[in-house]
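Both counts, for ligands and for their atoms, begin at 1 and track the order of listing.
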Amino acid sequence: MKPKPMGPIPSGYAAIDGELAIGGRTASELVEIAGRTPCFVYSKVHLDQRVSDLRSAMPERLGINYAVKANPFAPVIEHMAGLVDGFDIASAGELEMVKAAGIDPARVSFAGPGKRDEELEAAISAGVTLNCESEGEAHRALGIAERIGKAPRIAIRVNPDFELKGSGMKMGGGAKPFGVDADRVPALAREVISAGAEWRGLHIFTGSQALNPEALIEAQSNVLNCAARLASDIGAPLHKLNMGGGFGIPYFSGDAPLDITAIGGALGERFEALPDSLAATDLCIELGRYLVGEAGVYLTRIVDRKESHGVTYLITDGGLHHQLAASGNFGTVVRRNYPVAIATRFGTSPEEVANVVGCLCTPLDRLADNAYLPIADVGELVAVFCAGAYGASASPANFLGQGPAAEILV
Ligand SMILES: *Cc1c(COP(=O)(O)O)cnc(C)c1O
């Protein structure tokens with residue numbers, strides 16, 4: 001069987017006693033701490049390193065926000081609170097999570113195309129900035145604010161006329177459920193301001209999971225041009241411009257890490273020559289997977305090893321119910337292998353081609369196809385890397401009655 005390539009194992013993972021180690025502990029020790037398999041292990045060292053590398057590459061003026069939906073595990077949110085400037089949430093549930101982490105609501109903004117009245121009220125009461133996604137939503141927010149007697153903090157999410165090229169998920173350009181079409185933003189902004197809202201500024205998100213620095217540089221440049229034009233049409237300064245994110249991580253064979261030095265350099269040049277309308281604006285980017293994706297590993301135990309028509313299967317106690325994206329069922333057309341390793345034989349030379357599958361009764365439940373791996377037995381541990389974002393919270397944990405994986409931050 002010809003092996004199918006796997007994605008690159010992120011940097012910063014070493015072996016201790018022949019096992020994958022995270023934060024100085026072996027995979028077996030980590031499973032003991034977590035109490036069971038499958039489990040997600042998130043690494044503080046990786047989170048710290050990622051944010052510090054990013055800060056060194058980006059202009060000092062640029063704020064960094066964390067998009068909570070990428071990984072809402074409470075200890076991760078609490079840890080990120082000491083690292084990033086702001087938090088982007090997408091529901092009242094995430095609002096509760098950032099409040100529970102003790103994060104000042106003034107650092108939080110709330111985007112999402114279907115905010116319910118109760119969610120708007122909770123956000124306005126807390127003092128969170130609403131990134132309004134439509135005229136209708138802005139009107140509902142103003143009505144709720146008047147009823148509860150509190151000025152809402154309002155920004156407008158713009159549906160721009162451009163998009164992030166090569167982006168995994170397109171969220172700008174043409175008809176979209178997200179944001180207000182750019183040409184209608186000035187009128188709505190003026191209305192919101194004259195209704196007595198606290199005017200915060202604009203949010204322009206253009207896409208996700210881009211690995212091409214040129215595409216990100218172009219998108220950021222377009223965002224700044226668009227914001228400057230809208231700000232002068234509105235006739236009021238922007239306190240804040242959330243420039244979106246889109247920084248990707250390498251998941252698959254052939255993917256290379258993003259060149260953040262190039263992006264930071266280009267952004268620095270733009271910041272040197274900002275138009276007057278943006279001169280005093282707080283500028284930030286919002287990132288999810290780039291901050292947390294490579295800091296997480298999913299550990300699952302091999303419960304059976306079998307052959308079928310000459311093909312070897314390593315059957316694990318995990319699967320797509322925790323790792324929908326790695327299984328290839330979350331926004332991909334062709335299934336490709338994430339980086340996967342035998343955690344209990346980390347650094348050992350590969351000797352066989354095997355299929356790593358989950359425990360669910362569906363052929364969709366695959367973790368690695370035709371992976372070239374060291375020979376592993378029942379009881380050993382498999383690691384799926386790049387599991388820090390859109391894993392635990394973006395997979396159908398209750399499918400087939402399996403329930404959630406354990407999660408730990410070390
Ligand atoms: C999902 C989302 C993000 C985070 O995306 P990543 O690809 O994880 O960086 C940021 N902003 C908005 C508006 C989003 O919807």
### Message
Does the Lys NZ or Arg CZ of R336 fall within the cation-pi geometry relative to F252 - under 6.0 Å from the ring centre and within 45° of the axis?
### Response
yes
#### Entry: Y290 touching ligand 1 at heavy-atom level, < 4.0 angstrom
no
#### Entry: Test side chain to side chain donor-acceptor pair (under 3.5 Å) applied to D181 - qualifying residues, sequence neighbours left out
N159
### Query
Which atom names give the shortest non-hydrogen contact between N65 and C284, and what distance separates them?
ND2-SG, 3.6 Å
### Query
For Y338 and M6, which heavy atoms make the closest approach, and how far apart are they?
O-CB, 3.6 Å
### Task
For residues 192-214, pull every pair meeting salt bridge (charged side-chain N to carboxylate O under 4.0 Å, His left out), keeping only residues two or more places apart or in separate chains.
R153-E198, E198-R200
### Query
Of the listed options (E286, H203, K69), which comes nearest to atom 2 (C) of ligand 1 when hydrogens are ignored and any heavy atom counts?
K69
### Query
What atoms in ligand 1 come closer than 4.0 Å to a heavy atom of S208?
5 (O), 6 (P), 7 (O)
### Message
As an exercise, identify every atom of ligand 1 less than 4.0 angstrom from a heavy atom of A67.
### Response
3 (C), 4 (C), 10 (C)
### Query
Between A111 and ligand 1, which residue portion shows a heavy-atom distance shorter than 4.0 Å: side chain, backbone, both, or neither?
neither
### Query
Would you say ligand 1 has an N or O under 3.5 Å from any N or O of R289?
yes
### Query
Between N398 and Q402, is a side-chain hydrogen bond (donor to acceptor under 3.5 Å, both in side chains) present by the stated rule, with each step listed?
CA-CA 5 Å; N398 290 329; Q402 289 290 335; over 6 Å; no
### From the candidates F178, F205, Y66, Y390, the one that places a heavy atom nearest atom 6 (P) of ligand 1
Y390
### Task
Check whether any N or O atom of G288, backbone or side chain, sits under 3.5 Å from an N or O atom of ligand 1, and answer yes or no.
yes
### Query
Would you say F247 touches ligand 1, if touching means a heavy atom closer than 4.0 Å?
no
#### Entry: Axial cation check for Y290 ring with R50, 6.0 Å and 45° limits
yes
